Chemist: 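Here it is: the structure, laid out below.
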Amino acid sequence: DTGVSQDPRHKITKRGQNVTFRCDPISEHNRLYWYRQTLGQGPEFLTYFQNEAQLEKSRLLSDRFSAERPKGSFSTLEIQRTEQGDSAMYLCATNGVAGGTYNEQFFGPGTRLTVL
Amino acid sequence: DQQVKQNSPSLSVQEGRISILNCDYTNSMFDYFLWYKKYPAEGPTFLISISSIKDKNEDGRFTVFLNKSAKHLSLHIVPSQPGDSAVYFCAASLGRKTSYDKVIFGPGTSLSVIP
């Protein structure tokens with residue numbers, strides 16, 4: 001257990017429905033990342049928050065995707081009008097900044113999304 | 001265009017022997033490299049890292065070697081144990097060249113350690 005939690009762990013939905021995932025980071029971590037992982041691939045970067053500010057979004061993040069981190073603590077990732085191609089594992093990771101050096105990211109267990 | 005490559009999707013090793021997992025990268029701007037381990041139904045867990053100014057970093061049974069001229073790194077596990085059976089991701093970071101820890105992951109190598 002890394003201290004990063006995600007909810008739900010599994011989500012099955014029908015195409016066209018909206019889904020929302022939640023990530024609770026390690027409390028002292030101010031950086032939060034969302035990744036998507038499909039079968040046979042490594043995690044792919046989606047977006048990054050420093051505190052409550054969303055500072056970068058990947059081109060993988062279409063207009064149907066939106067992420068928030070309203071108080072700089074937990075974050076939500078919403079997918080509107082889901083498509084079968086959205087089926088994947090969605091991973092949240094967090095880290096902090098210590099003296100300007102690189103810090104490894106701590107991953108949550110992920111939310112597996114299946115779009116029927 | 002895959003910037004971090006792990007050309008072996010799987011690897012099987014006898015318990016007690018050495019496991020060598022390889023990784024190649026294309027972007028010479030990467031300045032920090034990491035290995036993550038992933039068990040089924042869990043998120044990736046950080047294992048070991050190396051800065052581009054070094055060519056070797058060791059942590060217990062795990063050693064990472066970096067060959068910058070060849071844009072190649074490898075993870076050595078000695079001796080291999082059945083609990084090491086997992087998917088291993090090589091990852092690279094642009095580090096201080098970006099404002100945050102942007103990490104690019106390879107596709108992973110599934111290691112099976114046979115008792």
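First the proteins, then the strands, lettered A, B, ... as listed; each starts at 1. A quick note: this is a predicted structure, and the numbers were derived from the prediction, not measured.
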Chemist: Once rounded to the nearest 0.5 Å, what's the spacing between atom CD of B:Glu42 and atom CG of A:Leu91?
Modeler: 12.0 Å
Chemist: Please assess B:Phe105 against A:Tyr35 for the test ring-ring contact (aromatic ring centres under 6.0 Å, His included), listing each intermediate value before the final yes or no.
Modeler: CA-CA 10 Å; B:Phe105 285 84; A:Tyr35 291 87; 5.7 Å; yes
Chemist: Please indicate whether A:Leu60 has more than 12 foreign heavy atoms, meaning atoms of other residues, nucleotides or ligands, lying under 6.0 Å from its CG.
Modeler: yes
Chemist: A:Arg112 versus chain B, heavy atoms under 4.5 Å apart: side chain, backbone, both or neither?
Modeler: neither
Chemist: Around atom CZ of A:Arg64, are there more than 12 heavy atoms of other residues, nucleotides or ligands at under 6.0 Å?
Modeler: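 Atom CZ in A:Arg64 is packed in, count exceeds 12.
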Chemist: With respect to chain A, which residue among B:Pro44, B:Gly108, B:Gly106 yields the maximal number of heavy-atom pairs within a distance under 4.5 Å?
Modeler: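 The residue among B:Pro44, B:Gly108, B:Gly106 with the greatest pair count is B:Pro44.
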Chemist: Between A:Val115 and A:Phe65, is there shared hydrophobic-cluster membership here, with clusters defined by ILVMFWY side-chain heavy atoms closer than 4.5 Å?
Modeler: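 Same hydrophobic cluster.
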Chemist: Assess whether atom CD of B:Gln81 is packed by more than 12 heavy atoms of other residues, nucleotides or ligands within 6.0 Å.
Modeler: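 Check passes, neighbour count above 12.
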Chemist: Evaluate the side chain to side chain contact (heavy atoms under 4.5 Å, CB included) criterion for residues A:Glu104 and B:Tyr36: first the C-alpha distance (whole Å), next the side-chain angles of each, then the deciding distance (0.1 Å), finally the verdict.
Modeler: CA-CA 10 Å; A:Glu104 68 268 16; B:Tyr36 280 82; 3.9 Å; yes
Chemist: Please tell me if the side chains of B:Phe89 and A:Gln37 come closer than 4.5 Å, counting only heavy atoms from C-beta onward.
Modeler: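 They are in contact (side-chain heavy atoms under 4.5 Å apart), so the answer is yes.
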Chemist: Counting only heavy atoms not in B:Arg61, do more than 12 fall under 6.0 Å of its CZ?
Modeler: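 Result for CZ/B:Arg61: enclosed.
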